Amino acid sequence: MTSQTPNVPTADQIRRAPKVLLHDHLDGGLRPGTIIEIARQTGYDGLPETEPDKLGIWFREAADSGSLERYLETFAHTCAVMQTREALFRVAAECAEDLAEDGVVYAEVRYAPEQHLEGGLTLEEVVEAVNEGFREGERIARANGHRIRVGALLTAMRHAARALEIAELANRYRDSGVVGFDIAGAEAGYPPTRHLDAFEYLKRENNHFTIHAGEAFGLPSIWQALQWCGADRLGHGVRIIDDIEVGQDGTVRLGRLAAYVRDKRIPLEMCPTSNLQTGAAASYAEHPIGLLRTLHFRATVNTDNRLMSGTSMSREFEHLVDTFGYTLDDMQWFTVNAMKSAFIPFDERLAMINDVIKPGYAELKSEWLFRQTATTSGSTPSEG
Ligand SMILES: O=c1[nH]cnc2c1ncn2[C@H]1C[C@H](O)[C@@H](CO)O1
Ligand SMILES: [Zn+2]
């Protein structure tokens, strides 16, 4: 008898499993080597390290501060090298390639166009350079045997005052590579209701948006994002746990807001490693995703910032498999949840689930049946 539980994925299976990513920042996922090369080409001399391995470590350590505000300071360096058409194109293409290499089949990648204007580009030029980069990355991935589709989410920074303008931009490009809108940046002191005009505009246009909420600030932020602003999804949303009581005997009581989030199937874009770095969760074992999965919230697994967190979709799942003993069925559940919650049309989501995700997991789940047992050459079969 083999002893391994067939359904517990190996690291290699996790990487090969089809994955769906809804929350990934373009300016949080650059290759360290690319940052160094573009800095050299463009004359940016503010980098803290000039050797790729050391720079990667610097980002991870600097982001490991326990505070969202300090975590966000590290983006000054990535944004500094994303100010030309060529740089944006390259970073976007490499993003799509890296995700595809990691087994991601569908991704929504976000960035704030207003942070890429220092080299004289217009908002439209920024969006077009990134879109073209994603298309190039998809093409390269295909040539390397990987299929991926990438959509852009345009982010407005919550401390700034350009949300309506960015929402209009997202609406203008909705049939050209942009699938929705987001707001990000420091949460405490910048409630989403500051940008109500942008959200109301998008609702009038029947467009989609997500809001970073319930990461560094608690339930009021989630409540505002849903009930005042009308968010389709929550970026992080981990603090919804504050509205869930688990009794000593294991009985669970959901408060009104948590019940609403679960009943309405509001997608939670959870990013475990990022949450450990910003102090939103103490450890993987204590991360709310464990309980939320058990309670059947619409939880999804995401990277947030692959560079700052030294992570990938596969690594996030590896941590969850190690911590909670998740199986391929759990991975499929998170992946289908994510695909159901994407901002592309319903028929395309359904086709991705039925024609790509489910067959991919079925294939992986059957592998144990065909595992080769070691044969010793020269041995004779025992008679019996
Ligand atoms: O986890 C996050 N919370 C809030 N803001 C974030 C997070 N990760 C990245 N950002 C910010 C920094 C980036 O410059 C901006 C756009 O991608 O979004
Ligand atoms: Zn984020």
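When reading the values below, keep in mind they use all heavy atoms of this one structure, side chains included, and skip hydrogens, waters and symmetry mates. Whatever order the structure lists them in is the order used to number ligands and atoms, beginning at 1. Just so it is clear, the model here is predicted, and its values are computed rather than measured.
For the residue pair T273 / E316, a side-chain donor-acceptor distance below 3.5 Å is found, with atom types taken as modelled. Q83 and T42 share no side-chain donor-acceptor pair at under 3.5 Å.
Using a cutoff of 4.0 Å between basic side-chain nitrogens and carboxylate oxygens, E348 and R149 are scored as salt-bridged. Under a 4.0 Å N-O distance rule, the pair K365/D329 qualifies as a salt bridge. Taking a cutoff of 4.0 Å between a charged side-chain nitrogen and a carboxylate oxygen, D24 and R306 qualify as a salt bridge.
Taking 2.8 Å as the criterion, H236 does not count as a coordinating residue of the Zn ion (ligand 2), since none of its N, O or S atoms falls below it.
Per residue D304, closest N, O or S atom to the Zn ion (ligand 2): atom name OD1. The nearest N/O/S atom of H212 to the Zn ion (ligand 2) is NE2.
The protein residues lying under 4.0 angstrom from ligand 1, judged by non-hydrogen atoms, are H25, D27, L68, L72, F75, Y111, A112, Q115, M157, A184, G185, H212, E215, H236, D304, N305.
Of the possible polar contacts, none joining the R60 side chain to the G310 backbone as a donor-acceptor pair under 3.5 Å is found.
F199 and H195 have perpendicular rings, their planes meeting at more than 60° on a 0 to 90° scale where under 30° would count as parallel. Between H25 and F75, the ring planes lie perpendicular to each other; the angle is over 60°, past the 30° to 60° tilted range.
Rounding to 10 degrees gives 100° for the angle at the Zn ion (ligand 2) between NE2 of H25 and NE2 of H23.
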